[in-house]
Amino acid sequence: MGGDGKQLITRKVQHVDDKVKDLLLQIQQGLDIASDEIKALKARKLIVPQTWKGYSLKRGPNYAPKRKKVVTDLTRDNFQSGEWKELEFKEYNYSAKGQPLEGGNLHPLLKVRAQLKQIFLCMGFEEMPTNNFVESSFWNFDALFQPQQHPARDSHDTFFLEARSTTKILPEDYVLRVTQVHESGGYGSRGYAYDWKREEANKNLLRTHTTSVSSRMLYQLAQKPFAPKKYFSIDRVFRNEAVDRTHLAEFHQIEGLVCDRGLTLCDLIGVLHDFFSRLGMTKLKFKPAYNPYTEPSMEIFSYHEGFKKWVEVGNSGMFRPEMLQPMGLPEDVQVIAWGLSLERPTMILYGIDSIRDLFGHKILGL
């Protein structure tokens with residue numbers, strides 16, 4: 001350094017190695033450098049990391065210029081045209097899981113049936129044995145004072161059996177009394193004034209109502225010293241009807257009856273109000289009707305809040321003396337009874353429009 005205050009700079013070494021420059025040049029040329037050096041350069045913001053993705057494509061074993069759709073199902077047309085020989089089928093995956101199914105649900109009919117059974121039991125009723133779908137015409141019709149020329153007994157309304165076509169076992173003394181009341185009357189009745197035929201009564205059929213079971217139970221009751229009884233049943237019946245959205249050839253009938261001394265129509269109306277109020281039907285109306293085995297008879301109507309109209313919910317009446325007294329029941333004993341279908345209230349309750357969506361061969365779980 002001179003005396004005039006000027007600085008003098010001289011070279012101390014001949015060559016300086018610029019390591020940073022060398023590293024940057026290596027990176028530019030695509031060469032690998034140590035991870036520590038990369039971190040140092042990133043910290044000084046001399047380099048910025050970038051990611052490049054590349055794909056390699058080549059033909060696979062199933063490559064084809066035109067996409068071929070594999071077949072999952074064989075159809076009738078495939079067989080008829082011979083096309084099945086050239087079809088390529090999709091491989092079956094045995095490890096694939098199926099559609100999850102909701103299991104363990106009760107069918108709506110079973111739910112309502114259980115509710116109705118509980119109502120009858122709470123009212124002190126005893127369930128009748130209804131495990132015989134096949135019945136003789138005698139118990140199904142004749143014992144109920146239903147004449148043999150009645151339209152319901154025609155083959156168009158009833159399913160008669162081919163095998164076994166007839167029954168051989170009937171209580172003969174009771175059959176004789178039924179014959180007499182049909183032909184010439186009795187017990188204050190003129191009868192029907194026709195020739196009653198035993199062969200017609202012997203014909204076996206699929207029961208058209210569970211009242212055939214009621215006639216059996218009342219006959220058995222009459223063979224012992226009288227005691228008041230309350231019976232009910234809920235089971236299937238069969239009628240040869242045209243199938244539509246509200247009718248099937250088989251359905252479920254609910255039946256209740258009370259057998260006691262001194263019963264009147266007022267007792268029937270009172271029991272019906274009690275029964276239907278437990279179903280939530282408090283507004284009831286009754287309309288006079290005709291049944292061969294009840295007199296007086298009443299159709300039962302309930303006001304439906306959803307439909308805003310009166311809906312028929314059942315039929316009822318007092319069993320005629322021509323039916324009860326030939327069985328051997330005392331003269332002062334009356335029977336009040338009513339019946340309704342199980343499907344009608346269930347459809348109303350669940351908002352089901354067609355009976356075929358509720359009950360039939362396509363519906364599981366019943």
Side-chain angles (χ1 to χ4, degrees), residues 1 6-114 243-246 248-250 306 343 346-366:
M1 187 158 53
K6 292 182 178 180
Q7 290 181 348
L8 180 66
I9 298 171
T10 59
R11 179 183 293 178
K12 190 174 181 179
V13 294
Q14 290 296 321
H15 181 70
V16 177
D17 290 332
D18 191 345
K19 291 184 179 179
V20 175
K21 180 181 178 182
D22 292 341
L23 288 171
L24 292 173
L25 287 170
Q26 288 179 36
I27 291 172
Q28 190 179 35
Q29 294 168 9
L31 302 175
D32 292 333
I33 61 173
S35 59
D36 294 340
E37 293 168 339
I38 291 174
K39 287 179 182 178
L41 293 173
K42 284 169 65 178
R44 294 175 64 182
K45 296 185 179 179
L46 294 174
I47 60 174
V48 178
Q50 288 183 330
T51 303
W52 294 87
K53 290 184 179 179
Y55 298 93
S56 176
L57 300 176
K58 60 181 180 179
R59 293 183 180 180
N62 296 327
Y63 172 79
K66 188 177 179 181
R67 186 177 177 184
K68 193 171 185 180
K69 188 175 180 180
V70 292
V71 179
T72 55
D73 291 310
L74 271 174
T75 65
R76 181 169 172 266
D77 293 336
N78 297 148
F79 283 112
Q80 286 184 334
S81 63
E83 185 185 8
W84 64 273
K85 298 176 183 177
E86 302 172 3
L87 291 175
E88 188 175 334
F89 294 95
K90 185 178 180 180
E91 291 185 4
Y92 200 93
N93 184 3
Y94 289 95
S95 62
K97 292 184 178 180
Q99 183 86 8
L101 297 175
E102 294 182 3
N105 292 327
L106 281 175
H107 191 283
L109 275 178
L110 292 179
K111 283 186 180 180
V112 178
R113 178 176 181 165
V243 175
D244 57 29
R245 56 187 288 273
T246 58
L248 286 177
E250 58 177 312
E343 285 77 6
T346 306
M347 289 171 68
I348 293 173
L349 188 63
Y350 285 87
I352 297 171
D353 183 58
S354 174
I355 193 172
R356 286 169 287 193
D357 295 333
L358 178 69
F359 178 60
H361 65 285
K362 294 183 179 179
I363 310 298
L364 301 176
L366 191 64

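Since the structure is predicted, the reported quantities are computational estimates derived from the model, not experimental observations.
Here the closest heavy-atom approach between residue Gln26 and residue Asp32 is recorded as OE1-O, 4.2 Å. In plain terms, the two heavy atoms of Asn78 and Asp73 that are nearest each other are OD1-O, 3.8 Å. Here the shortest heavy-atom pairing between Leu23 and Glu37 reads CD2-OE1, 3.3 Å.
For the atom pair CG of Leu31 and CG of Leu25, the computed distance is 10.0 Å after rounding to the nearest 0.5 Å.
Side-chain contact between Trp84 and Leu74 is present, with at least one heavy-atom pair separated by less than 4.5 Å. At least one side-chain heavy atom of Leu41 sits under 4.5 Å from a side-chain heavy atom of Ile33. Two residues are said to be in side-chain contact when any heavy atoms from C-beta on lie closer than 4.5 Å; Gln50 and Trp52 meet this criterion. Side chains of Val70 and Glu91 form no contact here, defined as non-hydrogen atoms less than 4.5 Å apart.
Enclosure of atom OH in Tyr92 is not indicated, since only 12 or fewer non-hydrogen atoms of other residues, nucleotides or ligands lie within 6.0 angstrom. When the shell of 6.0 Å around CD of Gln80 is examined, it contains more than 12 heavy atoms from other residues, nucleotides or ligands.
Of the possible donor and acceptor atoms, none in the side chain of Asp17 sits under 3.5 Å from a partner among the backbone N and O of Lys19.
For the 3.5 Å distance criterion, the side chains of Thr75 and Asp77 fail to qualify, holding no donor opposite an acceptor.
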